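Given the structure is predicted, the values throughout are model-derived calculations rather than measurements.
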Amino acid sequence: MPELPEVETVVRTVAPRLVGRRLLKIRCFTRKPWARSVRKAEGQTVHSVRRYGKFILLELDQGLLAIHLGMTGKLLASIDEGPYTRAVLVLDQGTVLFDDVRQFGSVRWLRREPGKLGPDALAVTAEDFLRRLRARKARLKPLLLNQSFLRGLGNIYTDEALFRAGIHPLAMAARLTGQRGLRLHSAIVEVLSEAVAKGGSSISDYVDADGRQGWFQLQHRVYQRTGEPCVVCGEPIRRILVSQRGTHFCPRCQRR
DNA sequence: TGGAATGTTCGGCT
DNA sequence: AAGCCGAACATTCC
């Protein structure tokens, strides 16, 4: 489920349940190694909840609780534990569940925020973005997915941003003209802002902490529209594999 | 039945 | 060193 807009939506919906609350206990139902670190969070008060790239960070008295939703993780303001509930945050008032079918997600206690990530995809300035593009000898699709280059983009919004900018996913980052680099920066900020405003994309079963779906999937122009006509030129949308990820683009609007 | 799915990490190769 | 590739993690859905 989770790229920047989905994580941002979860943060906004879960924050009111967590801020000011005391984490009495964290019960884990998994044998993943991350479950052992959460003990250090028990007994602590949650001072703030914020998004850091695709991480949800709970600021505690000491250190942070870092939640990553992986591919299918959900944070739910609920007490209805199900077969995929991997952790239960027991608060002094209420509970929050961490459900995760595929178990690529995690909840772990950290001394400080995760290091070595690039600037936030919604906050990066055009100048900084251009400078960073220039410094990389890599193709755009894998580069934009790389969280140490820019944090927050995933497969959906990378494809959507490249389409909006009219840039081929295999184009070399360092060889983009300044104009096209700026266009890409605007496309990224625009598509992410619009998606946040729509509560993210519910392409399989993504829901926010209150169980509500997002609606941005209705605005997707290329992602999972293989064979359907391009909304701009009518050419069928093509799907290729780029570093093992399905990559969708319009061969006419996004020439190499 | 095989393949694909919103993600990250690690080892190996160039 | 940087970047690419494939595999691995676990499960469901079509």
Kindly state whether the pair A/Phe104 / B/dT8 counts as stacked, where counting means centroids closer than 5.5 Å and planes tilted less than 30° apart. no
For C/dA10, give its Watson-Crick or G-U wobble partner with both distances under 3.5 Å, or none. none
Kindly indicate, with the supporting measurements, whether the criterion salt bridge (Lys or Arg N to Asp or Glu O under 4.0 Å) is fulfilled by A/Arg12 and A/Asp208. CA-CA 9 Å; A/Arg12 291 180 186 184; A/Asp208 68 20; over 6 Å; no
Over how many whole Å does the gap from A/Tyr52 atom OH to B/dG7 atom C1' extend? 17 Å
Of B/dG7, C/dC4, C/dT11, the nucleotide closest to the side chain of A/Val101 is C/dT11
If you assign each of A/Gln244 and A/Arg136 to its closest nucleotide in DNA chain C, which residue comes earlier from the 5' end? A/Arg136
Among B/dT9, B/dT8, C/dA10, the one nearest A/Lys32 by side-chain distance: C/dA10
Do A/Ile67 and A/Val10 make a side-chain contact, defined as non-hydrogen atoms from C-beta onward lying under 4.5 Å apart? no
Sub-3.5 Å donor-acceptor pair from the side chain of A/Glu6 to the main-chain atoms of A/Gly200, do we have one? no
Round to a whole Å and report the spacing from CD of A/Glu6 to P of B/dA5. 16 Å
Show the numbers, then the answer: is there a salt bridge (Lys or Arg N to Asp or Glu O under 4.0 Å) between A/Glu127 and A/Arg131? CA-CA 6 Å; A/Glu127 301 72 47; A/Arg131 222 176 302 126; 5.9 Å; no
Ignoring backbone atoms, establish whether A/Arg102 has a side-chain N or O less than 4.0 Å from OP1 or OP2 of B/dA5. no
Side chain of A/Pro2 (C-beta onward), nearest among B/dG7, C/dA10, C/dC4: B/dG7
Using whole Å, report how far CE of A/Met71 lies from C1' of C/dA8. 13 Å
Within the distance-only criterion (no hydrogens, no angle test), does the side chain of A/Arg256 pair as donor or acceptor with the backbone N or O of A/Pro251 below 3.5 angstrom? no
Rounding to an integer number of Å, can you tell me how far A/Lys74 NZ sits from B/dG7 C1'? 17 Å
Using whole Å, report how far CG of A/Leu150 lies from P of B/dG7. 14 Å
CZ of A/Arg31 versus C1' of C/dC9: gap in Å, rounded? 15 Å
Starting at OH of A/Tyr206 and ending at C1' of B/dA5, how long is that distance when rounded to a whole Å? 17 Å
If you check every side-chain atom of A/Lys137, which of C/dC5, C/dG3, C/dT11 has the closest atom? C/dG3
Tell me, with the steps shown, if A/Asp159 and A/Arg245 meet salt bridge (Lys or Arg N to Asp or Glu O under 4.0 Å). CA-CA 11 Å; A/Asp159 283 3; A/Arg245 310 301 301 277; over 6 Å; no
A/His68 vs B/dT8: side-chain N/O to OP1/OP2 distance below 4.0 Å: yes
Gap between atoms CG and C1', on A/Leu241 and B/dA4 respectively (whole Å): 10 Å
Closest to the side chain of A/Arg239, out of B/dA5, B/dG7, C/dC4, is B/dA5
Quick note, A/Gln224 side chain, CB onward, closest among B/dG7, B/dA5, C/dT11 is B/dA5
So if I take every side-chain heavy atom of A/Tyr84 and compare against C/dG3, B/dG7, C/dT12, which nucleotide ends up nearest? C/dT12
Would you measure the distance from the P atom in B/dG3 across to the matching atom in C/dG6 and give it in whole Å? 15 Å
